[in-house]
Number of protein chains: 2
Amino acid sequence: MNLSIAEENYVKSIYKLQEGDAVVTTNALAYELETKPASVTDMAKKLKEKKLIDYEKYKGITLTSEGRTMALQIIRRHRLWECFLVDKLAFSWEEIHELAEELEHVRSEKLISRLSDYLGNPVIDPHGDPIPDAQGKMAKPRPQTSLDQANARRLVVTAVTDQSTALLAFLNAKNIKLGTQLEVIAHYEYDNSIEIKLKQHPAITISELVAKNIMVRPV
Amino acid sequence: MNLSIAEENYVKSIYKLQEGDAVVTTNALAYELETKPASVTDMAKKLKEKKLIDYEKYKGITLTSEGRTMALQIIRRHRLWECFLVDKLAFSWEEIHELAEELEHVRSEKLISRLSDYLGNPVIDPHGDPIPDAQGKMAKPRPQTSLDQANARRLVVTAVTDQSTALLAFLNAKNIKLGTQLEVIAHYEYDNSIEIKLKQHPAITISELVAKNIMVRPV
DNA sequence: TTTATTATTTAGATTTGTCTAAATAATATT
DNA sequence: AATATTATTTAGACAAATCTAAATAATAAA
């Protein structure tokens, strides 16, 4: 089946919001796709017609197994292009998402399989997320949490959820990037700020807002 | 200015049909884009509004200098991706066009400039066509003609105009590919067939139809 | 130069994906 | 349980890109 770019984006977002098997609500999907709930309802009817989702009025959305297969293909394409951009074209991790967002819609099984070979068939992308193989199989996602909720002491940065230039500039100034290892020194209850220490750097204190946008996993 | 994919395809095709400065007719453009003349008229009004073309009813279409700049950017993207597909992913010359046709619509100056660097800033693409630089400057197109009209004796294959699988299979069987050098032995007036010889192969005779679809330049 | 042919444009419709505003359903609050 | 709030859907509209059929302009042929 051949999906439009819009349809692909819906399928991908539904997959993302499902996180396993949760039902996705109209509003959540609208928010994720930066569109209006009415548009989501319209598209839900179309995707149901194409048997990519299960959908009943007011009951929310889940992917069918066919929809899940489509989603995994799109995610595969996205993550392989991200690898390409970082490994071959030396882009930094904060620049790649929106480019991969466009490249992922070039549908060619052959292109993707050759790209994968060319990259050495990587199994995780530059954000640390697993890459589905051609059959849609992939490793379990790493158990990442936002920095403000992490309970381990020694952590590694896996992603940044807010791509605003203000945040990225801040992280740059503090030498925090993808793969950076850090140690949590203290939580300050008063404003939920967190004191952290990077190797070869003095300890710094970051606000709750910043901590919420830094994703980490135990090292 | 930000063009839609449809608009980019129009601009690119107008550039191609102009071949310098010729006026492009509605019908010719419709044929090139595999669409209907009425659709071309509609789009012509839009592109005129955006100052990318000069257009007066019944008088045909030409690009403005702004339109030409856009066209050269699109062609640059297209040809760089073709280089990537052949040089890095080992695609053959007959497979790359339609993939590049999609990849060319990812608009990112930075992506293209890095891709160009990565490829060693090539100045001709796998079909032998020149690649515009970031400023839109490019070498003169090679003087290619179809094999049936070539007057030189020793030639090199630069392109195939008909991408049908039947023709490609034929060329494959005869070991004719991009860059293949050949020598014209004889023209047979009766049916306009041509006898040619490839190095390390016995001479073969090809029909006028085949010869018309093989582009060559003197070696 | 009148007529026939071909090229182009217009008018009106269609599809896809979106929107706003209003209606309805589901859920939460009192 | 009645009411308020929030979530979702429907109805109707819109923009982009296309189409068909009919009208008009340009060109070729008689």
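Looking at heavy-atom distances under 4.0 Å, Thr26(B) makes contact with sugar-phosphate atoms alone, never a base. Here Lys59(A) lies out of heavy-atom contact (under 4.0 Å) with every strand. If you check every strand for non-hydrogen atoms under 4.0 Å, Ser39(B) touches a base.
When rounded to the nearest whole Å, the span between CD1 of Ile5(B) and C1' of dT18(D) equals 15 Å. For the pair Asp42(B) CG and dT20(D) C1', the interatomic distance rounds to 12 Å; values are reported in whole Å. Atom pair Leu47(B):CG and dT18(D):P shows a separation of 11 Å (rounding to whole Å applied). Rounding to whole angstrom units, CE of residue Met43(B) and C1' of dA15(D) are separated by 13 Å. Summarising the geometry, the separation between CG on Leu33(B) and C1' on dA16(D) is reported as 16 Å, rounded to the nearest angstrom.
You'll find the side chain of Met1(B) stays beyond 4.5 Å of the side chain of Glu7(B), heavy atoms only. Thr41(B) is listed as a side-chain neighbour of Tyr55(B), based on a closest heavy-atom distance under 4.5 Å.
An OP1 or OP2 oxygen of dA17(D) is reached within less than 4.0 angstrom by a side-chain nitrogen or oxygen of Ser4(B). Look at Tyr10(B) and you'll find a side-chain N or O under 4.0 angstrom from OP1 or OP2 of dT18(D).
Using a 4.0 Å cutoff to heavy atoms of chain A, the contacted part of DNA chain C runs 5' to 3' from dT16(C) to dA26(C).
In this pair, Phe84(A) and Trp81(B) present their aromatic rings tilted. The plane angle is within the 30 to 60° band.
For the pair Lys88(B) and Tyr118(B), the distance from NZ or CZ to the six-membered ring centre is under 6.0 Å and the angle to the ring normal is within 45 degrees.
In the model, Asn27(B) has no side-chain atom that pairs as donor or acceptor with a side-chain atom of Thr25(B) under 3.5 Å.
Remark on DNA chain C: of its neighbouring residues Lys57(B) and Ala38(A), the 5'-side contact belongs to Lys57(B), judged by nearest-heavy-atom nucleotide.
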- Task: Could you walk me through whether Asn9(B) and His105(B) pass side-chain hydrogen bond (donor to acceptor under 3.5 Å, both in side chains), step by step?
- Result: CA-CA 9 Å; Asn9(B) 284 331; His105(B) 297 298; 3.1 Å; yes

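For the side-chain contact (heavy atoms from CB on, under 4.5 Å) with Leu167(A), the qualifying choice from Leu209(A), Val210(A), Thr161(A), Asn172(A) is Val210(A), the only one to do so.
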